[in-house]
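Only a predicted model underlies this, so the values are computations on that prediction, with no experimental measurement involved. The analysis underlying the following values was restricted to heavy atoms, covering all of them including side chains, and did not include hydrogens, waters or symmetry mates. Below, chains carry the letters A, B, ... as their sequence lines are ordered, and counting in each starts from 1.
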Amino acid sequence: MVQRNPAVLWRRTLDGAVLLVPGRAEPLRLNATAAIVWDLLDEPATTAQLAAEVAEAFDIASQEASADITAGVGALRDEGALTT
Amino acid sequence: MSAPELVRAIAAERLPGSRLPLATEPLSSSAWSALISGVTNQRLVGMLGSAIATGRFPVTADQRAHVAALDAAQASVAVLLDRALLDVADQLDGAGIPFRVLKGAALAHTAYPDPDLRSYGDVDLLVASDHLDASLDVLVGSGARRRFPEPRPGFLRRFGKGVSVIRPDGLEIDVHRTLVAGPYGLSVDLPGLFASAIPFQIGGRTLIGLGSTERFLHACYHAVLGSDPPRVLALRDVAQLALDDHLDLHKVVDTAQAWRATAVVALAVQQAWRDLAIADCVAVSSWAANYSPSSRDRRQLAVYRRDDGRRYPRQAVATLWSLPRLSDRLAYARAMLLPTRTYLRERDGTYVSRLRRGISVLREVEAGR
């Protein structure tokens with residue numbers, strides 16, 4: 001289960017989102033795919049749940065969605081934007 | 001459509017009841033440049049981004065990329081300002097100084113459907129007059145520097161709007177003791193600004209903004225008394241708040257009367273309804289439409305509304321006349337005519353030039369009374 005770090009400051013933008021993680025000097029710019037992952041995490045979820053939502057919303061194969069979601073969640077977690 | 005018309009239409013993005021049309025096809029290169037200039041100047045990039053994202057404003061791929069870059073830049077500023085706000089909130093809390101969050105940061109998080117819509121370029125806070133000096137000590141102690149000296153020690157705490165500081169990261173923090181400079185600022189019920197509140201969250205932390213009525217009056221002040229002509233984002237704030245179901249007309253009128261600012265509120269709503277072409281009729285817009293300012297109102301407003309380079313001295317003279325106690329008038333006049341050398345160096349250069357300017361403005365104001 002992953003969730004947003006509640007201390008992250010963020011805004012949606014036209015083509016993604018901007019996040020400011022505690023302890024980081026500069027904001028992080030998310031592309032559209034990463035921003036979707038961030039949006040879906042308005043409630044805590046597992047990567048499987050996220051992948052299922054993305055697969056359904058975009059009518060893509062769940063395996064493809066799963067790979068993208070795992071990569072996206074991993075990147076956000078590495079930046080400190082997500083907690084488990 | 002001209003660029004100013006389009007800018008107003010963008011300022012009405014997601015505002016219920018506005019009849020302003022947007023573009024029906026992508027703009028030409030020259031029209032696009034003019035639009036972007038207006039949108040960035042008026043801090044409307046977030047609203048333009050929203051209009052593009054929803055398909056209401058057709059753009060080419062290059063134009064979309066242009067706005068996406070601007071939107072990401074202004075969003076970066078917004079989150080950095082939010083962090084600065086949280087830092088300052090911690091500092092003031094640590095010093096036991098109560099405060100309210102004002103203007104952009106508060107409005108974005110309480111009045112708009114998405115904070116992404118409402119850009120802001122600094123942090124504005126309100127503290128009690130007695131806490132102004134202590135607040136400044138806290139901020140300067142953490143590395144911020146004052147933007148401008150005050151005319152004489154204690155002047156701002158007694159007569160001024162507030163003080164601006166620049167943090168080491170370059171971000172500006174404005175600490176207010178009242179809502180506007182000049183005579184209208186002196187008639188605000190300052191303790192009353194802390195009587196009610198609207199809480200909101202940033203980064204998991206609860207902050208406090210002004211109550212609904214005071215927030216609305218402040219937006220009207222900013223629109224009408226802040227610049228002439230009013231900035232379109234300021235008019236959007238007025239409309240956004242006026243269309244809120246929770247705004248109580250009776251409280252608005254009572255408070256505006258107590259603050260001697262009824263004309264300011266009526267004019268702000270009239271102009272917002274006109275410039276943003278709002279079709280909806282709500283209690284406060286009906287009231288404003290039927291309000292006619294008195295000649296005294298017009299004279300008072302004129303002190304703020306002509307931007308001819310003499311606004312500040314005109315306000316200073318009007319402030320002098322509005323102070324009820326002789327001791328305050330003497331202290332104010334002394335600060336204006338004989339400020340510290342530090343202040344003088346940054347403003348006028350010599351006492352003689354300052355005195356000449358003061359006499360000239362005094363004559364002008366007297367002729368208008």
Side-chain angles (χ1 to χ4, degrees), chain A residues 1-46 50 53-54 56-60 65 68 71-84, chain B residues 13 39 44-57 59 61 63-87 89-90 104-105 108-109 112-120 123 168-171 201-207:
Chain A
M1 189 78 79
V2 290
Q3 61 185 16
R4 290 178 187 168
N5 178 342
V8 167
L9 306 171
W10 64 279
R11 290 285 192 283
R12 276 189 203 88
T13 62
L14 179 56
D15 279 352
V18 162
L19 274 53
L20 186 59
V21 177
R24 305 268 185 173
E26 293 297 326
L28 178 67
R29 292 191 185 184
L30 303 187
N31 62 18
T33 306
I36 289 168
V37 172
W38 180 257
D39 261 348
L40 290 173
L41 281 165
D42 59 339
E43 295 285 342
T46 64
L50 293 172
E53 282 195 61
V54 169
E56 187 183 338
F58 294 95
D59 194 24
I60 57 175
D68 286 343
V73 166
L76 287 172
R77 195 162 41 205
D78 290 345
E79 292 287 349
L82 301 181
T83 59
T84 49
Chain B
E13 168 66 8
V39 162
L44 299 173
V45 172
M47 293 187 191
L48 177 56
S50 171
I52 293 172
T54 55
R56 290 179 1 92
F57 197 107
V59 289
Q63 289 170 346
R64 184 191 171 93
H66 188 179
V67 173
L70 291 173
D71 197 26
Q74 71 87 19
S76 296
V77 170
V79 292
L80 287 167
L81 284 169
D82 283 354
R83 171 181 279 176
L85 170 56
L86 294 178
D87 286 346
D90 284 344
H109 289 91
Y112 282 79
D114 279 317
D116 323 315
L117 284 174
R118 181 52 166 88
S119 304
Y120 39 101
V123 169
D169 56 16
L171 298 176
Q201 295 270 323
I202 291 182
R205 195 191 192 294
T206 300
L207 297 167

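One N or O on the side chain of B:D71 and one on the backbone of A:L14 form a donor-acceptor pair closer than 3.5 Å. Within the 3.5 Å criterion, the main-chain N or O of B:P115 finds no donor-acceptor partner in the side chain of A:R12.
The side chain to side chain contact (heavy atoms under 4.5 Å, CB included) test with A:L9 singles out one residue from B:D82, B:L80, B:L81, and that residue is B:D82. Of the options A:E26, A:R11, A:R29, a side chain to side chain contact (heavy atoms under 4.5 Å, CB included) to B:S76 is made by A:R29 and by none of the others.
Chain B forms more heavy-atom pairs under 4.5 Å with one residue of A:N5, A:T13, A:V8 than with any other, namely A:T13. Comparing B:G204, B:A78, B:A72 by how many heavy-atom pairs each has under 4.5 Å with chain A, the most go to B:A72. Counting heavy-atom pairs closer than 4.5 Å to chain A, the top residue among B:A75, B:A53, B:G203 is B:G203. Contact count versus chain A (heavy atoms, under 4.5 Å) is highest, among B:Q201, B:R64, B:Q74, B:R205, for B:R64.
With a 4.5 Å cut-off on non-hydrogen atoms, B:L48 does not touch chain A at all. No part of A:A17 comes within reach of chain B, as not one of its non-hydrogen atoms sits under 4.5 angstrom from that chain. With a threshold of 4.5 angstrom between heavy atoms, B:A51 does not approach chain A through any atom at all. With a 4.5 Å cut-off on non-hydrogen atoms, B:D169 does not touch chain A at all.
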